[in-house]
Protein chains: 2
Amino acid sequence: MTPSPYFQAAMSRYFALGDDDCRLLGQLERRTASADKDRVLWALGARIQNLFILQSGWACTVRDTGEGERQIIELLLPGDIVGLREFTFRRHGSEARMISAGSVSTFTHQQIVDIVAASTSLAVALFATIGRQEALLTERMLVTLHRSARVQVSHFVLETYLRLSKLQSVDPGRMPFPISQRLLGQILGLSPVHINRTLTALERDGVLEKHRAHVVIHDPGRLRDEADFDDDYLSDRVDGLSTRLAELREGAASSAVSQSGS
Amino acid sequence: MTPSPYFQAAMSRYFALGDDDCRLLGQLERRTASADKDRVLWALGARIQNLFILQSGWACTVRDTGEGERQIIELLLPGDIVGLREFTFRRHGSEARMISAGSVSTFTHQQIVDIVAASTSLAVALFATIGRQEALLTERMLVTLHRSARVQVSHFVLETYLRLSKLQSVDPGRMPFPISQRLLGQILGLSPVHINRTLTALERDGVLEKHRAHVVIHDPGRLRDEADFDDDYLSDRVDGLSTRLAELREGAASSAVSQSGS
DNA sequence: CGTACCTTTGACGGCTGTCAAAGGAAGTGG
DNA sequence: CCACTTCCTTTGACAGCCGTCAAAGGTACG
């Protein structure tokens with residue numbers, strides 16, 4: 001069985017997972033295939049069917065705004081699960097596509113239901129996952145609505161740096177960043193022209209340099225100041241639920257659930 | 001026992017719920033108390049402890065942007081569950097407060113775990129709920145990033161009208177709307193001054209009139225055009241999972257999940 | 001070697017924020 | 001029932017960030 005370093009690691013960040021849980025998670029990563037750049041994982045309006053786990057490469061979900069523009073909703077990095085937001089809908093309200101070449105595991109939305117049925121711990125871990133993905137979205141909205149393009153770009157680069165750093169050691173002097181200026185504009189809701197001006201200014205001021213497929217962060221501390229960054233929302237800490245899950249496993253569940261006592 | 005028309009109705013929109021499921025849901029609404037306007041349900045940074053179901057009145061979750069401004073993240077209407085986004089975190093990343101006087105039911109985050117453990121149907125229904133709340137957020141972000149203030153205001157009023165209409169019959173000529181212009185600005189990320197200008201223009205053009213605590217929608221169809229509104233994201237349709245849930249209840253689960261069967 | 005996409009730069013305009021001040025409307029205490 | 005206070009609404013003047021349009025230069029890829 002191919003181990004899944006990223007996704008299982010992500011899920012076990014929340015609680016220690018048992019052998020059964022790991023086995024269940026492993027089933028989501030049985031079918032893994034490579035995916036070219038621009039490969040569409042699902043199209044807008046398509047019936048909900050499969051979910052994905054990104055094993056390598058970057059991906060995103062996108063919406064057209066009806067005025068010829070596109071807005072990136074979420075940026076997905078290796079280890080991220082793709083489609084959890086939408087698996088209870090009938091049809092997709094977005095498109096998902098690869099940003100760079102990589103590989104993805106595919107499984108059905110019904111497998112999610114099976115996992116929720118089989119393991120309360122994993123069900124709660126899935127809630128934790130969806131909550132953290134939504135926290136990224138919320139933070140992005142706050143920044144895009146209230147901050148200048150300069151802060152937005154700095155914030156996004158730093159956020160991505162921190163997300164990547166959870167997966168592997170990242171050299172700030174050469175961080176992978178396969179995002180064109182046009183795409184960066186679609187992530188932040190800014191025009192490519194203005195993205196370019198902003199990047200030029202950030203480079204002039206010695207904050208960062210964006211190259212074709214990587215970014216140079218001269219000084220992470222300086223970037224944090226530029227971005228006015230508060231990383232609370234990236235926390236993996238889950239509190240107070242582990243004990244409850246343990247109680248449930250020990251059979252204290254039935255009485256507690258029947259009258260919700262204690 | 002006080003019945004919970006809104007929340008149980010909301011949850012049963014997704015699938016037909018059994019008696020056990022309804023009983024479990026009922027436990028979330030045992031402790032109900034009135035809440036004044038501006039009552040804080042939780043403060044920023046507080047430890048996660050309770051969740052709420054709004055029985056009457058409107059509420060919201062808010063974030064400070066660090067520059068003295070406030071951004072409303074979600075607007076909560078009667079029947080909405082408050083805190084599902086964050087219940088797996090250690091501390092709240094937002095504040096929740098009542099916008100108008102009303103009443104709320106209170107329960108603990110551990111009760112959510114108990115429900116997830118006790119009923120796969122309800123667990124999936126909770127995923128559906130969180131997904132729909134997130135769809136509201138996503139749509140708001142798209143509109144705020146790419147549309148004019150005029151479209152934003154129209155869009156928000158129409159969205160709220162449609163959400164309210166799911167709960168009860170709403171007279172477009174006198175829709176409850178206890179939202180000040182300042183608050184509307186905090187929802188859309190616009191200054192109160194510009195909100196005022198936009199409302200004045202919309203009234204001049206006969207689209208809508210906002211009064212202190214209600215809105216007059218002269219013509220919903222006209223408003224829909226102004227807002228360029230597509231209501232796909234408000235859909236309650238859940239497809240393909242009901243049959244899977246039924247199979248699980250009938251014990252067909254074990255084979256599908258291989259050996260982890262219960 | 002050509003084509004397509006990405007990056008860069010300049011000029012111009014508009015939507016929206018900020019500042020400031022005055023005019024209601026609602027609630028409170030006397 | 002009346003003064004007072006507070007918050008909300010309204011309006012004007014001005015500035016600035018960012019979008020649009022346009023065109024040229026770079027870079028990868030077939």
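Per chain, numbering begins at 1; letters A, B, ... match sequence-line order. What you see is a predicted model, and the numbers here were worked out from it, not measured in a lab.
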### Euclidean distance, atom CG of residue A/Leu199 to atom C1' of C/dT7 [Å, nearest integer]
10 Å
### Query
Are more than 12 heavy atoms from other residues, nucleotides or ligands located less than 6.0 Å from atom CZ of A/Arg90?
yes
#### Entry: 5′-ward residue of the pair B/Lys210/A/Ser191 relative to DNA chain D
B/Lys210
### Task
Would you tell me if any nitrogen or oxygen in the side chain of B/Asn196 comes within less than 4.0 Å of OP1 or OP2 on D/dT9?
no
### Query
Rounded to whole angstroms, how far apart are CZ on B/Arg150 and P on C/dT16?
12 Å
### Task
Run the salt-bridge test on A/Asp219 and A/Arg224 with the 4.0 Å N-O cut-off and return the result as yes or no.
no
#### Entry: A/His194 NE2 to D/dG16 C1', straight-line distance once rounded to whole Å
11 Å
### Query
B/Arg182 CZ to C/dA26 P: how many Å, rounded?
18 Å
### Message
Rounded to whole Å, how long is the line connecting atom NE2 of B/His211 with atom C1' of C/dG24?
### Response
14 Å
### Query
Does the pair A/Glu139 and B/Arg63 meet the rule for a salt bridge (Lys or Arg N to Asp or Glu O under 4.0 Å), with working shown?
CA-CA 10 Å; A/Glu139 199 72 16; B/Arg63 276 273 308 262; 3.0 Å; yes
### Message
On DNA chain D, does the nearest nucleotide to A/Arg212 precede the nearest nucleotide to A/Ser148 from the 5' side, or the other way round? Give the residue.
### Response
A/Ser148
### Task
Nearest whole angstrom, please: distance from the C1' of D/dT6 to the CG of B/Asp38.
13 Å
### Message
Please determine whether side-chain contact (heavy atoms from CB on, under 4.5 Å) holds for the pair B/Ile99 and B/Ile179, giving the CA-CA distance in whole Å, both sets of side-chain angles, and the decisive distance to 0.1 Å.
### Response
CA-CA 8 Å; B/Ile99 287 176; B/Ile179 309 280; 4.3 Å; yes
### Polar pair under 3.5 Å, donor/acceptor by atom type, side chain A/Arg197, base D/dT20
yes
## Note on the structure
Taken to the nearest whole Å, NZ/A/Lys37 to P/D/dA28 is 14 Å
### Task
Looking at every strand, decide which applies to A/Gly189 at a 4.0 Å heavy-atom threshold: base, sugar-phosphate, or nothing.
sugar-phosphate
### Task
Using atom CD of B/Gln181 as one end and atom C1' of C/dG23 as the other, report the distance to the nearest whole Å.
14 Å
